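Every chain is numbered from 1, with letters handed out A, B, ... down the list of sequences. Since the model is a prediction, treat every value here as computed from it, not as a measurement.
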Amino acid sequence: NAGVTQTPKFQVLKTGQSMTLQCAQDMNHNSMYWYRQDPGMGLRLIYYSASEGTTDKGEVPNGYNVSRLNKREFSLRLESAAPSQTSVYFCASNGLAGDNEQFFGPGTRLTVL
Amino acid sequence: AQSVSQHNHHVILSEAASLELGCNYSYGGTVNLFWYVQYPGQHLQLLLKYFSGDPLVKGIKGFEAEFIKSKFSFNLRKPSVQWSDTAEYFCAVNEGDSWGKLQFGAGTQVVVTP
């Protein structure tokens with residue numbers, strides 16, 4: 001089992017460019033999440049998908065869109081990157097309704113110039 | 001909105017010292033509680049979790065945490081730290097009726113010196 005995988009590991013963008021962060025899990029989990037991690041602020045939820053076919057906004061959704069492509073994959077898109085989106089992005093997933101333990105991917109370090 | 005507070009942002013201690021990291025949350029209802037650890041350059045891993053039952057929870061690598069409902073706290077402890085415990089530690093809370101979503105604290109950077 002690879003667990004939760006993310007691509008790319010690193011990315012540098014110029015202001016205004018767009019990109020998509022990819023996330024996949026092979027644990028047959030229903031729910032998937034995107035977080036951003038900033039120094040001194042912990043992890044903040046951007047978007048989540050409780051199950052295939054559904055997505056909902058988290059705490060900091062502005063400037064982002066998501067797609068739950070299928071049960072395995074959940075992508076995060078930045079349509080017009082801004083320097084404020086410089087961060088480390090983590091994808092996570094969890095399985096059963098009664099089990100809230102989330103499993104995290106290795107992260108994507110994004111710099112927007 | 002719920003908040004999660006971690007009292008210390010940075011902790012430096014020597015090997016064999018005891019460690020206690022504070023975590024308080026603001027939600028008054030049923031909660032599920034977690035401590036995650038992030039070793040340098042790695043992704044978050046679960047240390048321990050509390051859902052119900054015995055409020056003293058034991059996790060991996062000798063860590064434990066105590067849920068004190070009256071104090072809205074879930075403090076993490078380890079009696080004797082090792083250099084390999086150098087990491088960032090995050091407390092996280094899930095409201096019992098907000099299935100799946102976690103609210104994280106700001107994190108505590110722990111440095112253990114040899």
Exercise for the section: Among residues two or more places apart or on two chains, list those pairs meeting side-chain hydrogen bond (donor to acceptor under 3.5 Å, both in side chains) that have a residue in residues 53-63 of chain B. Expected result: Tyr39(B)-Lys61(B), Lys58(B)-Glu64(B)
Exercise for the section: Rounded to the nearest 0.5 Å, what's the gap from CD on Glu88(B) to CD on Gln37(A)? Could you check? Expected result: 6.0 Å
Exercise for the section: Taking the side chain as every heavy atom from C-beta outward, state whether Gln102(A) and Tyr36(B) have any atom pair closer than 4.5 Å. Expected result: yes
Handout entry: Heavy-atom side-chain contact between Gln6(A) and His43(B) under 4.5 Å
Key = no
Handout entry: Gln6(B) versus chain A, the contacting section by heavy-atom distance below 4.5 Å
Key = neither
Problem - Non-hydrogen side-chain atoms of Gln103(B) and Arg44(A) separated by less than 4.5 Å - result: no
Exercise for the section: Say whether Val88(A) and Met32(A) are linked into one hydrophobic cluster, either directly or through other cluster members, by side-chain heavy-atom distances under 4.5 angstrom. Expected result: no
Problem - Same apolar cluster: Tyr89(B) and Leu13(B), side chain cutoff 4.5 Å - result: yes
Practice task
Measure the shortest side-chain to side-chain distance between Phe103(A) and Leu44(B) over non-hydrogen atoms and say whether it is less than 4.5 angstrom.
Solution key: no
Handout entry: Side chain, backbone, both or neither of Gln38(B) within contact of chain A (heavy atoms, under 4.5 Å)
Key = side chain
Problem - Heavy-atom pair count under 4.5 Å with chain A, highest-scoring of Ala92(B), Gly105(B), Gly107(B) - result: Gly105(B)
Practice task
Decide whether Val93(B) and Tyr50(B) are clustered together by the hydrophobic rule: side chain heavy atoms of Ile, Leu, Val, Met, Phe, Trp, Tyr closer than 4.5 Å, transitively.
Solution key: yes
Handout entry: ILVMFWY network linking Val4(A) to Phe10(A), side-chain heavy atoms under 4.5 angstrom
Key = no
Problem - Backbone of Leu102(B) reached by a side-chain donor or acceptor of Tyr33(A) within 3.5 Å - result: no
Problem - Region of Gln109(B) in contact with chain A, defined by heavy-atom distances below 4.5 Å - result: neither
Problem - Contact class of Leu45(A) relative to chain B, heavy atoms under 4.5 angstrom - result: side chain
Practice task
May I ask you to check whether over 12 heavy atoms, not counting those of Ile12(B), lie within 6.0 Å of atom CD1?
Solution key: no
Exercise for the section: Check whether any side-chain heavy atom of Glu59(A) sits under 4.5 Å from a side-chain heavy atom of Phe104(B), and report yes or no. Expected result: no
Completion exercise
Pro61(A) meets the side-chain contact (heavy atoms from CB on, under 4.5 Å) criterion, sequence neighbours left out, with Tyr47(A), Lys57(A)
